[in-house]
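Following: one structure in structure tokens, then a few remarks.
In what follows, every chain begins at residue 1, and chains take the letters A, B, ... in the order their sequences are listed. Since the structure is predicted, the reported quantities are computational estimates derived from the model, not experimental observations.
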2 protein chains.
Amino acid sequence: MSDLQALAARTYAALVHYPVYDRRGEVVTTAVTNLDIHDIARSTRTYGLAGYYLVTPIQLQQDMIGRILGHWQDGPGKAVHPDRAEALDRVKVMPSLAQMRADIAARHGGVACETTATAAKQRGDNAVKTVGYAAWQGAATASAAPQLVLFGTGWGLTTELLGQCDRILLPIQGESDYNHLSVRSAVAVTLDRLFADRAGDA
Amino acid sequence: MSDLQALAARTYAALVHYPVYDRRGEVVTTAVTNLDIHDIARSTRTYGLAGYYLVTPIQLQQDMIGRILGHWQDGPGKAVHPDRAEALDRVKVMPSLAQMRADIAARHGGVACETTATAAKQRGDNAVKTVGYAAWQGAATASAAPQLVLFGTGWGLTTELLGQCDRILLPIQGESDYNHLSVRSAVAVTLDRLFADRAGDA
């Protein structure tokens, strides 16, 4: 197992539905979408992560996620798409960030996770904690703690939440001034930068 | 404008709904999905590509895409999400690969495009044309022709189609033996590897 594989195997991705901004800058809870469950589960599984959390405080949304997971894991979906059952095995829903962190610590002998935020734009007041992708790999490899990477829905994670994280990853920069990747795309690109096996890429 | 920006500005992405395999290995036409239009439009716009084509021979599907584009470009969607109107500006639907290639040539003074295929797994009989991401950048930069990168829906582009392409990109390899990225994620990762501005990433 390579260093990156070992690091991925103690890293969790989380899709945060609260607290995030809406387009007016108000703090809201966004709705969970079916494709966010599937696409991000498939990406986290492809890059060998330990797990994928969906965070929402709304009970009805938690129940809906449970029904979708059941359909693919034990229900009629499993026979048609066994690959999806495999991807969804590591998906868990949590009512809050605190409970997610407690769940990760319980899986790692009580060791608290280090938390990394992601954002589409660099925000000045948090510049001190911003790290590039190679720097993240170095810092996370040097630490023995489990790693948690947060992705925001809606118009992004709140500034208050960013301030509580250990690190913030550099925004993904394309070749234009337009940066509006879907969160599904942003997760895939981020995991590729952090964990891809590029050995065969001449 | 950097070399990569200039290259992106003459590169087109295409989501191919025919000819592709279904899970039994039969050649089929897949259905266009709404989120494939949006996510991939946003990714191609973020990385500065010249355009994004959806290829489907089915008239009803072409009409549906037209209605969706209209909703966001001129209809009620534009006021809520002006960013989406911007992303969808460069989306075009084509009934066939041949007509898409003719459309690209018409945009570039009659110069035919070079075509690159993508695939989730390396296929032995095409190994000779397979290139890594840096090698692709080199070859495409050395050429003056417009570049077209094909992404398959369903269970992937047909072997016959791969055989007609000029190049095939190395499959995306995570840190696991599981490789089932959604096509939306695969497009984002591929464009990031080919066109991202990583200058600020220490």
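For I172(B), the part lying near chain A is the side chain, with the backbone staying farther off; criterion is any non-hydrogen pair under 4.5 Å. Both the backbone and the side chain of A87(A) come within less than 4.5 Å of a heavy atom in chain B.
Distance OH/Y47(B) to CD/Q173(A): 9.5 Å, rounded to 0.5 Å.
Put simply, of V189(A), T190(A), L191(A), the one with the most heavy-atom pairs under 4.5 Å next to chain B is V189(A).
Counting heavy atoms of neighbouring residues, nucleotides and ligands inside a 6.0 Å radius, atom CZ of F151(B) exceeds 12 of them.
Proximity of R193(A) to R198(B): side-chain heavy atoms (C-beta onward) are separated by under 4.5 Å at one or more points.
Interface with chain B: from residues 34-43 of chain A, residues L35(A), D39(A), R42(A), S43(A) qualify, criterion being any non-hydrogen pair under 4.5 Å.
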